[in-house]
Amino acid sequence: MEQLYTWVKDVFLIIISLTFFQILVPNSNMTKYLKFIFSMVILAVILQPIVNLIDMK
């Protein structure tokens with residue numbers, strides 16, 4: 001249960017920090033690339049427990 005709590009906390013903190021960083025970045029040509037990179041980071045954090053389960057087998 002502790003691992004689930006830690007995972008949810010990590011996902012929440014990553015999303016909040018990336019959203020804050022996205023607000024600080026001015027609108028430019030790089031905005032769509034930053035959104036893509038941020039989405040990949042969030043996806044990696046969300047999929048981390050699944051990858052850990054696969055490595056255990």
Side-chain angles (χ1 to χ4, degrees):
M1 194 61 158
E2 180 71 25
Q3 292 175 345
L4 179 65
Y5 175 74
T6 304
W7 177 74
V8 170
K9 186 178 75 171
D10 288 345
V11 169
F12 180 74
L13 289 174
I14 291 291
I15 290 174
I16 294 296
S17 61
L18 290 179
T19 303
F20 180 72
F21 184 72
Q22 189 175 1
I23 291 171
L24 292 178
V25 175
N27 289 336
S28 66
N29 294 337
M30 297 298 290
T31 304
K32 66 179 181 178
Y33 300 114
L34 285 175
K35 285 184 180 181
F36 176 74
I37 292 170
F38 292 166
S39 298
M40 290 295 124
V41 169
I42 292 169
L43 183 64
V45 170
I46 290 173
L47 292 178
Q48 182 181 8
I50 297 170
V51 171
N52 289 342
L53 284 176
I54 293 172
D55 286 342
M56 289 177 64
K57 293 183 178 185

Visitor: Is there a path of hydrophobic side-chain contacts, each under 4.5 Å between heavy atoms of I/L/V/M/F/W/Y residues, joining Phe12 to Leu47?
Guide: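 Different clusters.
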Visitor: If you round to the nearest 0.5 Å, how far is OH of Tyr5 from CG of Asp10?
Guide: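 The CG atom of Asp10 sits 10.5 Å away from the OH atom of Tyr5.
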Visitor: Flag yes if Ile14 and Val25 sit in one hydrophobic cluster, no otherwise; membership is Ile, Leu, Val, Met, Phe, Trp, Tyr, and two members link when side-chain heavy atoms are under 4.5 Å apart.
Guide: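 Yes; tracing contacts between hydrophobic side chains, which count when under 4.5 Å, links both residues.
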Visitor: Are the side chains of Phe20 and Ile16 in contact, using a 4.5 Å heavy-atom criterion?
Guide: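 Not touching, per the 4.5 Å side-chain cut-off.
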Visitor: Does Val45 belong to the same Ile/Leu/Val/Met/Phe/Trp/Tyr cluster as Val8, with side-chain heavy atoms less than 4.5 Å apart forming each link?
Guide: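 Yes; Val8 is reachable from Val45 via cluster members.
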Visitor: With side-chain contact (heavy atoms from CB on, under 4.5 Å) as the test, pick out the partner of Ile42 among Val11, Ile37, Ile15.
Guide: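 Only match with Ile42 under side-chain contact (heavy atoms from CB on, under 4.5 Å): Ile15.
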Visitor: Using every non-hydrogen atom in the two residues, find where Ile46 and Trp7 come nearest and quote the distance to one decimal.
Guide: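 It is O-CZ2, 3.5 Å.
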Visitor: I need the Met40 CE to Phe36 CZ distance, nearest 0.5 Å.
Guide: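 Between Met40 CE and Phe36 CZ, I get 4.0 Å after rounding to 0.5 Å.
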Visitor: Using modelled atom types and a 3.5 Å cut-off, is there a donor and acceptor pairing between side-chain atoms of Ser17 and backbone atoms of Leu13?
Guide: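 Here the side-chain-to-backbone pair exists.
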Visitor: Can you tell me how far CG of Leu53 sits from CD of Gln48, rounded to the nearest 0.5 angstrom?
Guide: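 Atom-to-atom, Gln48:CD and Leu53:CG are 11.0 Å apart.
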Visitor: Write down the atom of Leu18, the atom of Val41, and the distance for their closest heavy-atom approach.
Guide: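 Leu18 and Val41 have their closest heavy atoms at CD1-CG1, 4.0 Å.
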